[in-house]
Engineer: 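Below you'll find the structure I mean.
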Amino acid sequence: MLKKMKAVGLFQGLPITESTSLVDLELTIPVASGQDVLTEVIAVSVNPVDTKLRQNTAALTEARILGFDAVGEVVSVGEDVTKFAVGDRIYYAGSAQRQGSNAAYQLVDQRLASKAPHNISAAEAAAMPLTALTAYELLFEKIGFVAEANANSGQTLLVINGAGGVGSIAIQLAKWAGIEVIATCSPKNNDWVKKNGADAVIDYHDNMTEQLQKLGHESIEAIIILHSTERYFDEAAALIAPFGHIASIVEATDTLNMNVLKNKSASFDWEFMFAKANYSYKMETQGEILAFIAERLDSGELTSTLTQEMTNGINAKSLKEAHALLEKSQMVGKLVLTGGFVGEN
């Protein structure tokens with residue numbers, strides 16, 4: 001008889017207030033083959049991409065399982081797996097094209113995973129993969145900063161939305177790399193952003209240019225936009241230094257005028273963490289990046305961005321609560337669920 005597992009999924013995109021927006025399920029435990037490992041999921045984080053994919057899913061006949069951050073214990077491996085063995089604790093963000101981590105057991109390609117950091121909790125580790133991969137790729141693969149400690153002296157970075165999940169770890173990585181970091185946030189989040197290492201904090205409600213000028217910055221070498229791209233693009237284009245880089249992770253809802261960057265020879269980069277898995281492009285680099293992050297989490301050079309842990313188990317009810325919190329767009333840091341997969345309570 002095939003073994004079953006608890007999971008949470010959806011059959012169509014619905015507002016989170018709808019009773020069937022996320023539902024408890026019982027599914028067959030998948031079997032690892034090829035480069036896949038099968039993990040027993042210990043902790044999962046919820047990201048804005050979870051809420052967006054849930055909202056925009058067309059009607060399905062087979063349930064879709066979301067969840068793109070997890071810590072899990074390897075329980076079986078495919079015949080081509082060489083990185084991991086049964087019993088290893090790993091962490092990963094996985095692929096948007098496969099069933100996700102909102103299930104008691106999950107298949108993940110070994111190339112996308114790393115052994116989890118061992119000096120922090122499973123919840124603290126589960127907060128990190130998607131945002132850390134995004135921030136690393138933004139800073140070191142798209143913008144081109146050097147991924148070495150204190151190797152970028154004299155460079156400046158403006159992080160728009162410094163209190164969110166990606167911003168919180170991007171600030172830390174940039175500071176580790178020797179970059180001067182200025183971040184935007186709401187004044188109530190100033191302490192959190194400064195705790196993560198920002199050299200200066202400015203209020204996104206007010207004119208960014210004037211605030212930067214008061215700090216002595218007429219231009220900035222690199223700007224990452226982590227919220228409302230179209231709202232900030234024009235001002236970022238005016239602020240960016242010649243040959244500088246603007247990068248964003250948020251799809252624009254209006255046309256962006258790239259011509260304004262031409263005379264500065266400035267660049268605009270999109271970053272989408274799932275692109276490597278979606279197109280089978282250098283997938284192994286994500287596992288390598290996560291190993292790099294784990295080392296620095298264990299050494300204390302980086303700290304987890306976990307700010308809220310829901311410990312009463314993972315089910316449709318708790319995941320609905322988590323989605324609702326994120327949809328308010330006021331989340332600071334990361335939210336993680338632990339306590340095992342349990343029925344509706």
Side-chain angles (χ1 to χ4, degrees), residues 1-33 36-76 90-109 112-113 122-123 126-127 129-130 165 273-274 277-278 309-328 331 334-345:
M1 180 181 294
L2 295 173
K3 294 183 178 180
K4 299 289 186 178
M5 65 176 180
K6 294 184 184 298
V8 179
L10 67 152
F11 290 91
Q12 62 177 320
L14 293 170
I16 199 61
T17 51
E18 293 287 334
S19 61
T20 56
S21 57
L22 293 170
V23 294
D24 288 303
L25 303 165
E26 189 173 78
L27 303 174
T28 300
I29 296 175
V31 176
S33 63
D36 283 345
V37 297
L38 179 67
T39 70
E40 183 174 7
V41 175
I42 298 168
V44 299
S45 182
V46 180
N47 293 282
V49 67
D50 294 80
T51 67
K52 291 173 184 176
L53 289 175
R54 191 207 76 245
Q55 293 163 0
N56 297 323
T57 295
L60 303 168
T61 55
E62 180 181 343
R64 181 174 192 179
I65 311 300
L66 299 173
F68 305 106
D69 269 332
V71 169
E73 181 176 318
V74 176
V75 295
S76 65
I90 66 173
Y91 78 144
Y92 50 87
S95 166
Q97 295 183 325
R98 305 184 70 178
Q99 298 288 48
S101 56
N102 294 341
Y105 295 87
Q106 181 189 5
L107 290 175
V108 61
D109 190 301
L112 299 175
L130 187 149
M273 195 280 304
F274 293 118
N278 286 355
E309 181 180 356
M310 299 171 64
T311 61
N312 60 338
I314 306 166
N315 57 22
K317 180 181 178 182
S318 60
L319 279 165
K320 285 177 189 174
E321 292 174 3
H323 277 234
L325 281 171
L326 263 73
E327 286 180 9
K328 291 179 181 178
M331 190 69 203
K334 291 295 296 292
L335 167 65
V336 172
L337 286 73
T338 58
F341 284 79
V342 298
E344 187 80 38
N345 54 31

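Hydrogens, waters and symmetry mates play no part in the numbers below; they use all other heavy atoms, side chains included.
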Engineer: Not counting sequence neighbours, which residues clear ring-ring contact (aromatic ring centres under 6.0 Å, His included) with Tyr105? List them please.
Structural biologist: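 For Tyr105 there are no ring-ring contact (aromatic ring centres under 6.0 Å, His included) partners, ignoring immediate neighbours.
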Engineer: Measure from the side-chain N and O atoms of Asp24 to the backbone N and O of Val8, and report whether any donor-acceptor pair falls under 3.5 Å.
Structural biologist: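 Judged by distance alone, no pair lies under 3.5 Å.
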Engineer: Identify the two heavy atoms, one from Ala70 and one from Pro129, that lie closest to each other, and give their separation to 0.1 Å.
Structural biologist: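 Ala70 and Pro129 have their closest heavy atoms at O-CG, 4.5 Å.
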Engineer: Measure from the side-chain N and O atoms of Asn56 to the backbone N and O of Leu53, and report whether any donor-acceptor pair falls under 3.5 Å.
Structural biologist: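 Side chain of Asn56 to backbone of Leu53, a donor-acceptor pair under 3.5 Å: no, none is there.
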Engineer: May I have all residue pairs that pass ring pair (Phe, Tyr, Trp, His ring centres under 6.0 Å) and include part of residues 47-75, sequence neighbours excluded?
Structural biologist: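 Counting only pairs at least two positions apart or across chains, the ring pair (Phe, Tyr, Trp, His ring centres under 6.0 Å) contacts touching residues 47-75 are Phe68-Phe274.
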Engineer: Using the side chain to side chain contact (heavy atoms under 4.5 Å, CB included) rule, pick out the option among Gln99, Met5, Arg98 that qualifies with Pro30.
Structural biologist: Met5
Engineer: Could you check if a side-chain atom of Leu319 sits within less than 4.5 angstrom of a side-chain atom of Ile314, using non-hydrogen atoms only?
Structural biologist: yes
Engineer: So, for Ser45 and Ala126, which heavy atoms are closest and what is the spacing to 0.1 Å?
Structural biologist: CB-O, 3.3 Å
Engineer: From Glu321 CD over to Leu22 CG, what is the distance, rounded to the nearest 0.5 angstrom?
Structural biologist: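 It comes to 11.5 Å.
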Engineer: Would you check if Val74 and Ile90 make a side-chain contact, meaning some heavy-atom pair closer than 4.5 Å?
Structural biologist: yes
Engineer: My understanding is that only residues two or more places apart in sequence, or in another chain, count here; which of them pass side chain to side chain contact (heavy atoms under 4.5 Å, CB included) with Ala277?
Structural biologist: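 Only Ser95, Leu112 meet the side chain to side chain contact (heavy atoms under 4.5 Å, CB included) criterion with Ala277.
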Engineer: So, using side chain to side chain contact (heavy atoms under 4.5 Å, CB included) as the criterion, who are the partners of Thr28 when residues are at least two apart?
Structural biologist: Leu2, Lys4
Engineer: How would you list all residue pairs meeting ring pair (Phe, Tyr, Trp, His ring centres under 6.0 Å) that involve residues 13-32, not counting sequence neighbours?
Structural biologist: none
Engineer: Please lay out, stage by stage, how Leu66 and Thr57 fare under the test side-chain contact (heavy atoms from CB on, under 4.5 Å).
Structural biologist: CA-CA 11 Å; Leu66 299 173; Thr57 295; 5.5 Å; no
Engineer: What residues, two or more places apart in sequence or in another chain, satisfy salt bridge (charged side-chain N to carboxylate O under 4.0 Å, His left out) together with Glu309?
Structural biologist: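 Salt bridge (charged side-chain N to carboxylate O under 4.0 Å, His left out) check on Glu309 returns nothing, list empty.
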Engineer: For residues 11-21, which side-chain N or O atoms pair as donor and acceptor with protein atoms under 3.5 Å away, sequence neighbours left out?
Structural biologist:
unit_1	atom_1	unit_2	atom_2	d
Ser21	OG	Ile16	O	3.3
Ser21	OG	Glu18	O	2.9

Engineer: Under 4.5 Å between any side-chain heavy atoms of Leu25 and Lys6, yes or no?
Structural biologist: no
Engineer: Among residues at least two apart in sequence or on other chains, which ones pass ring-ring contact (aromatic ring centres under 6.0 Å, His included) with Phe341?
Structural biologist: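 Partners of Phe341 under the ring-ring contact (aromatic ring centres under 6.0 Å, His included) test: none.
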Engineer: Applying side chain to side chain contact (heavy atoms under 4.5 Å, CB included) between Val44 and each of Val336, Thr338, Leu337, report the one that passes.
Structural biologist: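 Result: among Val336, Thr338, Leu337, Leu337 is the only option passing the side chain to side chain contact (heavy atoms under 4.5 Å, CB included) with Val44.
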Engineer: Which pairs, with at least one residue in residues 54-73 and sequence neighbours excluded, count as a salt bridge (charged side-chain N to carboxylate O under 4.0 Å, His left out)?
Structural biologist: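 Applying salt bridge (charged side-chain N to carboxylate O under 4.0 Å, His left out) to every pair that reaches into residues 54-73, excluding sequence neighbours, yields Arg54-Glu327, Asp69-Lys334.
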Engineer: Hey, is the main chain of Ser318 close enough, under 3.5 Å, to the side chain of Asn315 for a donor-acceptor pair?
Structural biologist: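 Side chain of Asn315 to backbone of Ser318: a pair is present.
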Engineer: Between Val41 and Ser101, what is the shortest heavy-atom contact and its length?
Structural biologist: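 Reported closest heavy-atom pair: CG1-O, 3.7 Å.
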Engineer: For the NZ atom of Lys52 and the CG atom of Asn47, what is their distance to the nearest 0.5 Å?
Structural biologist: 10.5 Å
Engineer: Compare every heavy atom of Ala122 with every heavy atom of Ile42, then report the nearest pair and how far apart it is.
Structural biologist: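 Looking at all heavy atoms of both residues, the closest pair is CG2-CB, 3.9 Å.
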Engineer: Quick one: pull up NE2 in His323 and NZ in Lys328 and give me the separation to the nearest 0.5 Å.
Structural biologist: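 If I round to the nearest 0.5 Å, the distance is 14.5 Å.
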Engineer: Taking only residues two or more places apart in sequence, or in another chain, which ones meet Tyr92 in a side chain to side chain donor-acceptor pair (under 3.5 Å)?
Structural biologist: Thr39, Gln106
Engineer: Kindly indicate whether the side chain of Asp36, heavy atoms from C-beta on, has any atom under 4.5 Å from the side chain of Val31.
Structural biologist: no
Engineer: If you define the side chain from C-beta out and look only at heavy atoms, does anything of Leu326 sit under 4.5 Å from Asp50?
Structural biologist: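 They are not in contact (no side-chain heavy atoms under 4.5 Å apart), so the answer is no.
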